[in-house]
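What follows is a single structure, written as structure tokens, with notes after it.
Quantities reported herein were computed from a predicted structural model and do not represent experimental measurements. Labels below follow one simple rule: chain letters A, B, ... track the order of the sequence lines, proteins then strands, and each chain is numbered from 1. The figures here come from the full heavy-atom set of this structure, side chains too, leaving out hydrogens, waters and symmetry mates.
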Amino acid sequence: DAGVTQSPTHLIKTRGQQVTLRCSPKSGHDTVSWYQQALGQGPQFIFQYYEEEERQRGNFPDRFSGHQFPNYSSELNVNALLLGDSALYLCASSSKTSGETQYFGPGTRLLVL
Amino acid sequence: AQRVTQPEKLLSVFKGAPVELKCNYSYSGSPELFWYVQYSRQRLQLLLRHISRESIKGFTADLNKGETSFHLKKPFAQEEDSAMYYCAPLIQGAQKLVFGQGTRLTINP
């Protein structure tokens, strides 16, 4: 099991553009959570997907949206990018069988110019 | 509001010395508490979870509900313990982790 995988590893965009980040959960996990980690800060919860629906959401604007597919993989979309969206985006997967412990992917580093 | 405080941004100790990384949280319920670690150029990984009461890599953490603290301890630090450490309660119901700003631990030889 490769664990949680994310793509791409790095991305450079310009202000106003849109971006899609992808995540494949650990085998056997059905829940995907997304976090934003700004430089020098701890990760901040964006939202969580379970059974293809957004189950919980943090304090992020509607420009941040997501999707979960039937195979439990997930996408994070950010529209109208701002310079402040530059960060490491982390995906974490979990399940009831993992006791809801969240396992993290390597992250996608997004730079907005 | 749920908040996690890790008062030391940087902590430096000598190899073989005891180490304690502090974590205080404010949360009205009974959270599940975690410590995550990030070694250089590696992903964030689970170090320990208080409910399992395991000792991982020699680290332990005791939940003090009265003080709302979950400090991480190790009696004898090793050089390979140098990393970034994050305390994170899991907010029940919301199933989201709330991270502190992290403590960068450096073990000097």
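In this structure, CD in Q102(A) is found 7.5 Å from CZ in F34(B), a value given to the nearest 0.5 Å.
The environment of L113(A) atom CG is dense: over 12 non-hydrogen atoms of other residues, nucleotides or ligands sit within 6.0 angstrom. By the 6.0 Å contact criterion, CZ on R15(A) is open, its count of non-hydrogen atoms from other residues, nucleotides or ligands being 12 or less. Heavy atoms from other residues, nucleotides or ligands lying under 6.0 Å from CD of E80(B) number more than 12. In Y25(B), the OH atom is crowded: over 12 heavy atoms of neighbouring residues, nucleotides or ligands sit closer than 6.0 Å.
Nearest heavy-atom pair, E100(A) versus Q95(B), reported as atom, atom and distance to 0.1 Å: CG-NE2, 3.2 Å. Across all their heavy atoms, G42(A) and Y86(B) have their closest contact at CA-CE2, 3.6 Å. Residue T101(A) comes nearest to Y36(B) through the heavy atom pair CG2-OH, 4.3 Å, listed as atom of the first residue, atom of the second, then distance. Shown here for L44(B) and F104(A), the closest heavy-atom pair between the two residues is O-CB, 3.5 Å.
Per-residue counts of heavy-atom pairs under 4.5 Å with chain A were compared for R104(B), K96(B), Q101(B), Q42(B); the largest is that of K96(B).
No path of Ile, Leu, Val, Met, Phe, Trp and Tyr side chains, each step under 4.5 Å between heavy atoms, connects L39(A) with L83(A), placing them in separate hydrophobic clusters. Linking ILVMFWY side-chain heavy atoms closer than 4.5 Å, directly or via other members, places Y103(A) and L21(A) in two distinct hydrophobic clusters. Linking Ile, Leu, Val, Met, Phe, Trp and Tyr residues whenever their side-chain heavy atoms come within less than 4.5 Å places L90(A) and L90(B) in a single cluster.
Remark: the backbone N or O of L97(B) is paired with a side-chain donor or acceptor of Y35(A) at under 3.5 angstrom.
Neither the backbone nor the side chain of Q44(A) has a heavy atom closer than 4.5 Å to any heavy atom of chain B.
Looking at R43(B) and V4(A), their side chains come closer than 4.5 Å, going by heavy atoms from C-beta outward.
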